[in-house]
Structures are given as C-alpha cells and as structure tokens.
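Everything below concerns the one structure shown next.
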Amino acid sequence: MLPGRRRRPRRRGLGLPGAALLLAWLAALALAEPAARAPALSAFFGTKSRYEDVARPGPAAPAAPGGCAPLQLVALVRHGTRYPTAKQVRRLRALRGLLQRAGPGPAAALARWPLAYEDWVDGQLVDKGRRDMRRLAARLARRFPALLGPGGPGRARLVSSSKPRCLDSAAAFARGLWAQRHPGRPEPAAADMEFGPPKINDKLMRFFDHCEKFLVEVEKNDSALYHVEAFKNGPEMQKTIKKVADILQVPASDLNADLIQVAFFSCSFDLAIRDIHSPWCEIFDTEDAKVLEYLNDLKQYWKRGYGYAINSRSSCSLFQDIFHHMDEAIEQRQRSQPISSPVIFHFGHAETLLPLLSLMDYFKDKESLTAYNYKEQMHRQFRSGRIVPYAANLIFVLYHCEHAEVPGREYQVQLLLNEEPLPFVHSPDTVTSYQELKDHYKDILQSCHADQECVLPNINITSDEL
Ligand SMILES: *[C@@H]1O[C@H](CO)[C@@H](O)[C@H](O)[C@H]1NC(C)=O
C-alpha cells in the first residue's frame, strides 16, 4: 500500500507520474486487502451504501416512553447487500473491454482487475446480505425483548416482495430471530420456518409495478428523467469525465457518464459485497464522488421521490395497510384480546421505502433537485445513501401506555429509521400519540386510493362504451 495516498493532492492531468503511481499501486494489490475502515468515498455510495457506514445502531437506544410498553412493531425492511443486476454486470464487462483495448498503461492495468461477478448473480442477496439481516434481527430482539425475545409472543408475520433477494432476506431475518429466541440451541435446518414462509405480496411491496400511471408517465417515459440526462452532460459531470480520462490516459471522448458511473459502482460493489478496497476507487476523489452521488440521487428523486406526485401516491395503499395493522392491534387491546399480529415485517426494496417516506413528507428540500442546482443542493436532505442503504428499515413502534393522564395518549407511536428515532413531520418529538399521527396524515389515510391515483388520465375508453 502507499501510505497517505489519499492526501496526495490531485492535479488535473496526472500525466506519467500519476499513471506510474496507479500502476505501482495495482501491482502491489495482487491480493486485495480487506477495507478495514470505511473509505472516504463510501459516504457517497447512495443506494449502494453499506448499512454500517450509515446507521448508528447502538446500545444507546432510547428507552420506551415512560409507562409505555411496545404493543406492536410494523416494519419495512430493504433487502440486504446484493449482487449487481445482470444489466450492471454487462456494463461492468463493457467498461473492462473498453479499457483493455486502450493499449498498455493505467487503463489496461485496471482492466486486469478480475471481474468478480457473472451474469447469474443477477441482483441476488450475497452472504453479507444474510448477515445484514441476522444482525438486524438480533439487535431488534435485544431492543424489543417483550415482542421478539425468548419470552415474546413468538408470532411474527413476514411479508415479502417476490424477488429472491427479498425472500432470502426474510429467511435470513427469521433465522436471526430464531437464534435470539432459542439462545444456546443449535440452529435447525428449518429455523426460518418458525414463522412460516413469508407471504409474497407484490401489490404491497412492489406497488410501483402495479400502478399504470406511474409506469406510463415515469417508468417507461424517457423524458421523465430529463434532469438525470441533462446532468450527465452538464459541467460537473464533464469535469469528472475529463479527470478520469487523464488518470487512465484514454481520450475523454471514449468515456461517458454511464461508464464513469459503472466504474464508481465497481468501487461500491467491491466494498459492500467483498469487503475489499477496489482499485476502481482510486480513479475518483471526493469531489467526483459527490458528483456521482448527486447523479444517483437525481434519479431516485425523479423516479421514486418528490419529482412526480404519482411516485409517492402509488404507495398509499402500503401506508394505509400499516395503519390498519395498528388500528387492529388497538381494537384487540381494548377488547382485552391477544394481539393477532404483534410483529409484522415487510421485505422490499429501496423503491418501496423512498416513495413511502416521500408520501410522509420526509427528506423534502425546498427546491427540486435539478441538473442545474448541484451546488445549491450540496446540503440537501434527499440523500439516498443516508435514507436507504442496504438493509434500510423503517419501523412503526406502537406503544400502549398505562396511566396516561391525557386521554388519547394511551396509544403512542415512535418511528425508527435505520434504528434511530425519526422526529415526526408535525412535531420535533420522536414520540407522538397515535391519534395525533392519524390526524396529521388524515388526508392520505382517507382520500388516497391507489387504484384511483394510478388511473391514467385521458385514456381512450371507447372500447368500454361499445
Ligand atoms: C413524460 O414526462 C414528461 C415530463 O414530465 C411529461 O411532460 C409527459 O407528459 C410524459 N409522457 C407521458 C406519456 O406521460
């Protein structure tokens, strides 16, 4: 390793000395070494961020509100660390091919770094992703022993998207819970069956696939991502392309924003999946990483966030479903019945969580993220890496509180995002009465109907009239 290489001032156009340095570094890296600490770039990996680089789960978890006991957990969990999709693997291969053809030099040296991913990996959960889930289950069981620990009710409902990475996440999570509930016992092969197989529900977990208006106006509409394309051709991105071309000693015209983004993904995949510091990371500095993070966030913003109202409106049935569960638990409690679903875990995607958080008005900046306000958005709230890293989770904790002096305060709610209390939009507190929360979201709870929201306007319905 070259000690202190991160502090090496980076000039534009490294020329031969820079190239020699990269070559030497690549040679020294015959065996990649584990990334002991989070590399500086990992703060900018967006949806490809490692959970542990973002979340700060700790024993310092604040206790339940005074006199309250958790009655129910309703959680949304993004799958754990995953492999690149087949499309991303094809792009990684194309990038290597291009660098191999560049002739001897830093580009060819970088292209010799083996491509660790085959087409078959197609977005599957990796071993690290299973560990993400087991560890999350273990931490939550310690935090909510009455619901998830050995003495808990032993009933958990698991709901999952149909994607294998989500089903596998649910299974790994269930095994993690099993281990907490049966301490000291060897884990049986069917440990994940204690709670039964997860119930697949794509209408809830992949609502975006079932929303015609979203599909036509956003997903399949090239001009919907106008700002993403414009930013790729904008001055910030062009500067990054030029810098990388100089380091690799290839003509800038051989590179484009998509290839640069794939190279950046290589850096994040190698860290998240294999826990190694990839030589791909070496061609970027922090300034480049911020530009590439913005490119990623722009896409999430316009496709899953505030860019278009339908992005979040399409999630309102999921939002309502969560409240139905809490309503049901409260009714059962009031009738002194056992709670039928004290624990419900949903396994989905970043694309499940971002629209829901947007529906709830979280991480909303005053101005839209556009191709032209990169600088102004430097301190934006909408940073997908902070919100939805791998294994991201949003948990509604419903409490029952004894001796609540104020009527209506008997049931309270806390929101945890990535295991940290999330202040409410309607108040700076991290605990609110259930009724207050329902009042705040009254509009969505009463007037948002996904089937109506998702109808395309102005479609020709003459066939109906015939
Ligand atoms: C595609 O997106 C653009 C920009 O939002 C919009 O003006 C246009 O109507 C959309 N096209 C369709 C078919 O919805």
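By the neighbour-count criterion of 12 heavy atoms within 6.0 Å, atom CD of Gln337 is densely surrounded, having more than that number from other residues, nucleotides or ligands. For Arg386, the CZ atom is loosely surrounded, since the number of other residues' heavy atoms within 6.0 Å does not exceed 12.
Between Val413 and Val397, every side-chain heavy-atom pair lies at or beyond the 4.5 Å cut-off. Side-chain contact between Met205 and Leu76 is present, with heavy atoms from C-beta onward closer than 4.5 Å. Residues Glu219 and Lys303 are in side-chain contact: their nearest non-hydrogen atoms beyond the backbone lie under 4.5 Å apart. Residues Thr47 and Asn296 meet the side-chain proximity criterion, which asks for heavy atoms closer than 4.5 Å. In this structure the side chain of His277 never reaches within 4.5 angstrom of the side chain of Leu271, judged on heavy atoms. The side-chain heavy atoms of Met360 and Leu415, taken from C-beta on, include a pair separated by under 4.5 Å. The side-chain heavy atoms of Tyr362 and Leu417, taken from C-beta on, include no pair separated by under 4.5 Å. Leu125 is not listed as a side-chain neighbour of Pro164, based on a closest heavy-atom distance of 4.5 Å or more.
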### Task
Begin from the C-alpha positions of Glu419 and Tyr51 and carry the test side chain to side chain donor-acceptor pair (under 3.5 Å) through to its verdict.
CA-CA 11 Å; Glu419 298 170 76; Tyr51 189 73; 2.5 Å; yes
### Task
Begin from the C-alpha positions of Ile276 and Arg274 and carry the test side chain to side chain contact (heavy atoms under 4.5 Å, CB included) through to its verdict.
CA-CA 5 Å; Ile276 55 180; Arg274 304 197 288 158; 3.5 Å; yes
### Task
Determine, step by step, whether Thr85 and Asp122 satisfy the side chain to side chain donor-acceptor pair (under 3.5 Å) criterion, reporting the C-alpha distance in whole Å, the side-chain angles of both residues, the deciding distance to 0.1 Å, and the verdict.
CA-CA 4 Å; Thr85 60; Asp122 196 12; 5.0 Å; no
### Message
Please evaluate residues Lys442 and Asp439 with respect to the criterion salt bridge (Lys or Arg N to Asp or Glu O under 4.0 Å), reporting the C-alpha separation (whole Å), side-chain torsions for both, the decisive distance (0.1 Å), and the verdict.
### Response
CA-CA 5 Å; Lys442 193 167 64 189; Asp439 288 346; 5.9 Å; no
### Query
Between Val291 and Phe231, does a side chain to side chain contact (heavy atoms under 4.5 Å, CB included) hold up when you go through it step by step?
CA-CA 9 Å; Val291 169; Phe231 189 69; 3.9 Å; yes
#### Entry: Pair Arg380-Asp365, salt bridge (Lys or Arg N to Asp or Glu O under 4.0 Å): steps then yes or no
CA-CA 6 Å; Arg380 66 192 175 277; Asp365 297 290; over 6 Å; no
#### Entry: Residues Asp270, Trp113; criterion side chain to side chain donor-acceptor pair (under 3.5 Å); working and verdict
CA-CA 11 Å; Asp270 282 346; Trp113 177 251; 3.1 Å; yes
### Task
With side chain to side chain contact (heavy atoms under 4.5 Å, CB included) as the test, would you mind laying out the steps for Glu194 and Leu177 before giving the verdict?
CA-CA 9 Å; Glu194 185 173 42; Leu177 274 189; 5.9 Å; no
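Between the side chains of Ser340 and Gln332, at least one donor N or O sits under 3.5 Å from an acceptor N or O.
Geometrically, Lys48 engages Phe265 in a cation-pi contact defined by less than 6.0 Å to the ring centre and at most 45° from the axis.
Going from atom OG1 of Thr240 over to atom NZ of Lys290 covers 12.0 Å, rounded to the nearest 0.5 Å. Summarising the geometry, atom OG belonging to Ser317 is positioned 10.5 Å from atom NE2 belonging to His324; distances are rounded to the nearest 0.5 Å. In this structure, CZ on Arg313 lies 11.0 Å from CZ on Phe319, to the nearest 0.5 angstrom. Here the CD-CD distance, from Glu328 to Gln72, works out to 8.0 Å after rounding to the nearest 0.5 Å. The structure places CG of Asp192 at 14.5 Å from CE of Met133, a figure rounded to the nearest 0.5 Å. To the nearest 0.5 Å, the span separating CZ on Phe382 from CZ on Phe363 amounts to 9.5 Å.
Between the Arg181 side chain and the Gly149 main chain, a donor and an acceptor come within less than 3.5 Å of each other. Using a distance-only test at 3.5 Å, with no hydrogens or angles considered, no donor-acceptor pair links the side chain of Ser341 to the main chain of Val343. Judged by distance alone, with hydrogens and angles left aside, the side-chain atoms of Ser160 form no donor-acceptor pair with the main-chain N or O of Pro198 at under 3.5 Å. In this structure a side-chain-to-backbone donor-acceptor pair under 3.5 Å is missing from Arg165 to Arg82. Counting only distance, with no hydrogens or angles, the side chain of Asn201 and the backbone of Leu204 share a donor-acceptor pair below 3.5 Å. Formation of a donor-acceptor pair under 3.5 Å by the Gln381 side chain with backbone atoms of Lys364 is found in this model. Panel note: side chain Asp288, backbone Phe284; no donor-acceptor pair is recorded below 3.5 Å. In terms of modelled atom types and a separation under 3.5 Å, the side chain of Gln124 and the main chain of Trp120 share a donor-acceptor contact. Judged purely by atom type and a 3.5 angstrom limit, Glu410 has no side-chain atom pairing as donor or acceptor with the backbone of Tyr399. With hydrogens and angles disregarded, a donor-acceptor distance shorter than 3.5 Å links the side chain of Asn311 to the backbone of Gly305.
Classification of Lys299 and Glu229 as a salt-bridged pair fails, no side-chain N sitting under 4.0 Å from a carboxylate O. Taking the charged nitrogens against the carboxylate oxygens, Arg175 and Glu187 do have a contact shorter than 4.0 Å, which makes a salt bridge. Ion pairing between a basic and an acidic side chain is recognised when a charged N comes within 4.0 Å of a carboxylate O; Asp209 and Arg206 show such pairing. By the 4.0 Å N-to-carboxylate-O rule, Glu436 lies close enough to Arg409 to be salt-bridged with it. Salt bridge absent: Lys239 and Glu236 never bring a charged side-chain N and a carboxylate O closer than 4.0 Å. Taking the charged nitrogens against the carboxylate oxygens, Lys128 and Asp275 have no contact shorter than 4.0 Å, which rules out a salt bridge.
Between Tyr301 and Tyr306, the ring planes lie tilted relative to each other; the angle falls in the 30° to 60° range. Between His400 and Tyr411, the two ring planes are tilted [angle within 30° to 60°]. Between Phe345 and Phe173, the two ring planes are tilted [angle within 30° to 60°]. Using bins of under 30°, 30° to 60° and over 60° for the plane-to-plane angle, the ring pair His346/His325 lands in the tilted bin.
Scanning both residues, Trp178 and Pro186, for their nearest heavy atoms gives CH2-O, 3.5 Å. In terms of heavy atoms, Phe207 sits closest to Ser315 at CZ-CB, 3.4 Å. Across every non-hydrogen atom of Asp202 and Ser162, the tightest pair is OD2-OG, 2.6 Å. Residues Ala43 and Glu293 come closest through the heavy atom pair O-OE2, 3.9 Å. Here the closest non-hydrogen pair linking Ser49 and Gly385 is OG-CA, 3.7 Å. Nearest heavy atoms, Ala263 versus Ile283: CB-CD1, 4.2 Å.
In this structure, the ring of Tyr374 has its center less than 6.0 angstrom from the ring center of Tyr294. Checked against the 6.0 Å centroid threshold, Phe45 and Phe264 count as a close aromatic pair.
Each of Gln412, His440, Lys438, His426 was checked for a side-chain hydrogen bond (donor to acceptor under 3.5 Å, both in side chains) with Thr432, and the lone residue meeting it is His426.
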